[in-house]
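The structure under discussion appears below in the form of structure tokens.
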Amino acid sequence: MTKKFLLVLLSVLMPAMAMADDEKSVFGISDNVDTLKLSVRRIGLDWSKTQVRNAAEYQNSPVAALNATSQDFIKGVFDTILEFTRNKFKWDNSLVMEYGRTTLRPYNGPETTDENADKILYSSDLSYACWDFSGLKFGPTVRAAYETQFVDSDDSPRQNIVRSSAGISLFDHNIIKSLYLTGIHEYDFTYAGSQNSKLGAEFGWRLEYPVREGVKFSSDGYYREYFSYSEYVGTDLERDFSAVVRLDTNLWGDFTMGPYAQYRLARARDTDKYGSNLIFGISFNYITNFLL
């Protein structure tokens with residue numbers, strides 16, 4: 001079913017690609033231009049620390065700051081992409097890794113540690129610019145990705161998903177770096193003996209807006225809706241939404257600092273209630289580009 005879905009979608013898009021070849025002089029897409037660029041979109045560290053001393057002596061104090069729980073939060077992010085452009089084709093290979101944990105040290109109990117971020121995502125995207133409107137390119141796109149985690153969670157093994165997709169996208173604009181709508185197929189082998197194939201749709205974006213010199217607003221995220229599954233696994237998601245917004249201000253050179261917010265909302269098959277995770281913080285980042 002999935003193969004038929006992708007073949008039908010590509011058969012619809014390919015004539016548009018051929019038609020665009022005849023109109024390249026009208027829309028001004030240049031040929032014989034090869035570029036290779038390595039973009040460090042973010043190598044960052046999000047960190048906060050709360051240290052409370054002698055909290056036991058102040059447990060009845062109305063001043064919350066004196067009887068609070070000591071805690072450390074730290075998250076590392078590595079986000080890079082290798083972009084190759086040849087004529088109307090653009091081939092992106094990206095690697096995103098993030099890991100975060102919070103450690104609580106209550107005065108009247110044992111130390112506990114909880115993970116709040118754990119992801120490794122490698123993806124390879126191929127896009128074709130059928131049309132170019134004032135720097136905003138439009139055309140079909142196909143993608144293959146593998147998503148996993150660094151460690152197992154408390155109640156389940158590491159996530160392991162192979163994802164493929166095909167659809168249409170806007171890309172390479174000064175503000176709209178990527179805006180796409182695709183059909184997706186996932187092969188989920190997280191649980192041994194419960195390999196599951198899923199079919200759905202995904203809408204995603206990556207935006208960058210220069211507020212002023214040295215200050216940039218950025219956002220990226222996706223929304224996925226799943227339609228069918230090869231078997232029932234209660235923890236599989238039916239809907240999944242993720243969004244990140246960030247404001248980066250240059251400190252010196254390629255180093256930036258700024259506030260960020262990250263939100264995740266999803267619903268699993270075995271419940272009618274949504275689970276969510278909302279994080280606000282300050283991040284320190286290294287962001288740069290290299291022409292190869």
Side-chain angles (χ1 to χ4, degrees), residues 40-56 59 64-81 94-123 145-161 163 188-192 206 218-222 224 234-237 240-248 251 255-268 271 273-287:
V40 180
R41 296 195 291 210
R42 183 187 178 198
I43 298 179
L45 180 67
D46 306 332
W47 177 81
S48 69
K49 182 180 181 69
T50 302
Q51 186 171 5
V52 183
R53 296 185 183 275
N54 300 318
Q59 58 181 307
L66 299 179
N67 55 32
T69 299
S70 296
Q71 56 183 291
D72 298 331
F73 167 73
I74 186 169
K75 182 176 76 169
V77 178
F78 180 85
D79 184 358
T80 63
I81 182 170
S94 65
L95 175 63
V96 179
M97 298 186 292
E98 63 178 36
Y99 183 78
R101 61 194 304 171
T102 299
T103 301
L104 302 177
R105 300 182 181 89
Y107 70 88
N108 58 349
E111 177 180 304
T112 60
T113 299
D114 190 23
E115 294 178 2
N116 43 43
D118 189 353
K119 181 173 75 171
I120 303 174
L121 175 64
Y122 170 76
S123 64
Y146 171 62
E147 183 172 354
T148 186
Q149 296 172 313
F150 287 99
V151 297
D152 298 346
S153 63
D154 292 337
D155 301 319
S156 64
R158 287 190 306 161
Q159 187 178 56
N160 282 288
I161 297 176
R163 184 180 297 116
D188 189 338
F189 54 102
T190 299
Y191 297 95
R206 177 177 288 275
S218 61
S219 174
D220 62 87
Y222 64 83
R224 297 188 186 121
T235 56
D236 282 343
L237 300 181
D240 187 9
F241 173 78
S242 176
V244 178
V245 293
R246 205 170 71 247
L247 189 66
D248 291 301
L251 296 177
F255 291 91
T256 71
M257 180 187 74
Y260 77 97
Q262 183 172 339
Y263 183 61
R264 183 80 180 267
L265 178 71
R267 189 182 72 187
T271 179
K273 296 181 179 179
Y274 285 87
S276 65
N277 182 295
L278 177 61
I279 300 174
F280 291 100
I282 299 292
S283 63
F284 300 87
N285 306 293
Y286 175 74
I287 302 173

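Just so you know, these numbers come straight off a predicted model, no measurement behind them.
Taking NZ from Lys75 and CG from Asn116, the interatomic distance works out to 7.5 Å, rounded to the nearest 0.5 Å. Atoms CG and CD, from Asp46 and Glu98 in turn, are 9.0 Å apart once rounded to the nearest 0.5 Å.
Residues Tyr122 and Tyr146 place their aromatic rings such that the two centres sit no closer than 6.0 Å.
By the 4.0 Å N-to-carboxylate-O rule, Arg42 lies too far from Asp248 to be salt-bridged with it. Using a cut-off of 4.0 Å between Lys/Arg side-chain N and Asp/Glu carboxylate O, Arg41 and Asp79 are scored as salt-bridged. A salt bridge links Glu147 with Arg163: at least one charged nitrogen is closer than 4.0 Å to a carboxylate oxygen.
Distance alone, capped at 3.5 Å, places no donor-acceptor pair between the Asp188 side chain and the Ile161 backbone.
Taking 4.5 Å as the limit, some side-chain heavy atom of Arg101 sits within range of a side-chain heavy atom of Tyr99. Contact of the Ile279 side chain with the Arg264 side chain is not registered, since no non-hydrogen atoms from C-beta on lie closer than 4.5 Å. Counting heavy atoms from C-beta on, the side chains of Ser276 and Tyr263 come closer than 4.5 Å. Leu95 places a side-chain heavy atom less than 4.5 Å from the side chain of Phe78. Arg246 is listed as a side-chain neighbour of Asn285, based on a closest heavy-atom distance under 4.5 Å. Here the side chains of Met97 and Gln149 are not in contact, with every heavy-atom distance at 4.5 Å or above.
Between the side chains of Asn160 and Thr190, no donor-acceptor pair is found at a separation under 3.5 Å.
For the pairing with Phe73, the side chain to side chain contact (heavy atoms under 4.5 Å, CB included) check across Thr50, Thr102, Leu104 returns one residue only, Thr102.
Not counting sequence neighbours, the partners of Arg105 by the salt bridge (charged side-chain N to carboxylate O under 4.0 Å, His left out) test are Asp72, Glu111.
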